[in-house]
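What follows is one structure encoded as structure tokens, with my remarks underneath.
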Amino acid sequence: MFGKKEGSSTSNAKLDPNRIPDHIAIIMDGNGRWAQERHLPRVAGHKQGMQTVKNVTIAASELGVKVLSLYAFSTENWKRPSSEVSYLMQLPIKFFSTFVPDLVKHNVRVMVMGDITKLPQGTQKAVNDAIADTADCNEMILNFALNYGSRDEIIRATQQIAKKVAAKEISVDQIDEQLLSQNMMTADLDKLADPDLLIRTSGEERISNFMLWQIAYSELEFTDVYWPDFDRHSLEDAIVKFQGRHRRYGGLKNN
Ligand code: IPE
Ligand code: IPE
Ligand code: MG
């Protein structure tokens with residue numbers, strides 16, 4: 001079902017097509033600065049960033065990535081001016097209205113993490129329609145973080161588990177790593193829930209409340225490229241760096 005597609009090409013000779021990370025997560029940052037450097041309004045950067053999402057999604061699916069998680073709107077992004085927030089809320093409508101046929105063509109299934117019930121009705125509909133329209137696709141999962149915050153996710157997981165304990169459905173001793181994972185917003189991703197590679201664009205080197213539970217052993221890659229300038233080659237460069245790392249998970253190199 002998964003795997004590198006026939007005929008997909010890579011421009012990077014160092015990239016090993018047989019060791020593509022299963023789950024890549026990206027903190028898509030730098031849209032505003034990209035626009036400001038061009039004396040454009042910040043929202044022009046978001047518009048261009050949407051095009052990057054399309055290009056990178058197709059590139060990832062052609063490389064054989066199984067899950068691509070994209071941080072699109074954080075629980076803290078509501079603090080921005082209302083005009084920018086409104087623009088960001090319209091973007092999923094624009095994005096899915098033109099891109100769903102391409103997603104289906106590339107066999108990409110849309111999923112979402114975050115509380116989308118707080119988004120405007122039209123945005124919720126666009127997101128839910130895209131989820132429904134791609135429900136049978138099974139090459140790659142495009143997992144959007146929308147109104148997502150890791151602390152919010154952990155609080156909700158804790159509340160769900162506490163309710164089960166209070167209702168005597170489970171005992172305190174049954175709370176373990178697996179149960180926590182099953183109550184995170186990535187539960188449906190099952191064994192693919194934890195990113196292998198986390199990329200942040202724009203030169204910032206912080207996590208900004210993204211997938212704190214899931215990135216415990218992710219490889220981190222920070223690039224100075226602003227998100228609207230990120231492309232297939234930038235993605236391949238990050239994967240090559242990932243392939244040069246030695247993941248030990250607390251053990252020793254060869255065990
Ligand atoms: C990322 O770009 C997009 C969102 C956070 C929604 P920014 O809008 O954060 O761009 P900068 O960091 O201000 O340049
Ligand atoms: C993180 O970027 C959120 C998204 C990419 C959606 P921000 O631009 O909001 O993060 P900070 O404020 O620089 O930490
Ligand atoms: Mg930013």
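Both ligands and their constituent atoms are indexed starting at 1 by order of listing.
At a heavy-atom distance under 4.0 Å, only backbone atoms of Phe73 (N, CA, C or O) approach ligand 2. For Gln36, no heavy-atom contact with ligand 1 is shorter than 4.0 Å.
The pair Arg245-Glu221 meets the salt-bridge criterion, since a charged nitrogen lies less than 4.0 angstrom from a carboxylate oxygen. A salt bridge links Asp196 with Arg247: at least one charged nitrogen is closer than 4.0 Å to a carboxylate oxygen. Salt bridge annotation for Lys105-Glu139: absent, with no cationic side-chain nitrogen under 4.0 angstrom from a carboxylate oxygen. A salt bridge between Asp29 and Arg200 is present, with a side-chain N of the basic residue lying under 4.0 Å from a carboxylate O of the acidic one. A salt bridge links Asp115 with Arg156: at least one charged nitrogen is closer than 4.0 Å to a carboxylate oxygen.
Every atom of ligand 1 is numbered from 1 in the order shown, and the set under 4.0 Å from a heavy atom of His46 is 3 (C), 8 (O). Residue Ala72 has at least one heavy-atom neighbour below 4.0 Å for each of these atoms of ligand 1: 6 (C). Residue Arg206 has at least one heavy-atom neighbour below 4.0 Å for each of these atoms of ligand 2: 11 (P), 13 (O), 14 (O).
Atom CG of Asp136 has 12 or fewer heavy atoms from other residues, nucleotides or ligands within 6.0 Å. Within a 6.0 Å radius of NZ in Lys54, other residues, nucleotides and ligands contribute more than 12 heavy atoms.
A cation-pi contact, defined as under 6.0 Å to the ring centre and within 45° of the axis, links Lys94 to Tyr87. Both the sub-6.0 Å distance and the 45° axial angle are not jointly satisfied by Arg80 relative to the ring of Trp78.
Using a 4.0 Å cutoff on heavy atoms, Ser202 does not count as a contact of ligand 1. Residue-ligand proximity: Arg80 is placed with a non-hydrogen atom under 4.0 Å from ligand 2. Between Arg200 and ligand 2 there is a heavy-atom distance shorter than 4.0 Å. Ligand 2 lies out of reach of Glu204, whose nearest heavy atom is not under 4.0 Å from it.
For atom 13 (O) of ligand 2, a protein heavy-atom neighbour is present inside the 4.0 Å cut-off.
Annotation: atom 2 (O) of ligand 1 to nearest protein heavy atom, Asn31 N, 3.2 Å. Regarding atom 5 (C) of ligand 2, its nearest protein heavy-atom neighbour is Met28 O, 3.3 Å. In this structure, atom 9 (O) of ligand 2 lies nearest to the protein heavy atom Asn77 ND2, 2.9 Å.
Geometrically, ligand 1 and Gly32 share a nitrogen or oxygen pair separated by less than 3.5 Å.
Pairing each heavy atom of Ser69 with each of Asn143, the nearest pair is OG-ND2, 2.9 Å.
Closest N/O/S atom of Asp29 to the Mg ion (ligand 3): OD1.
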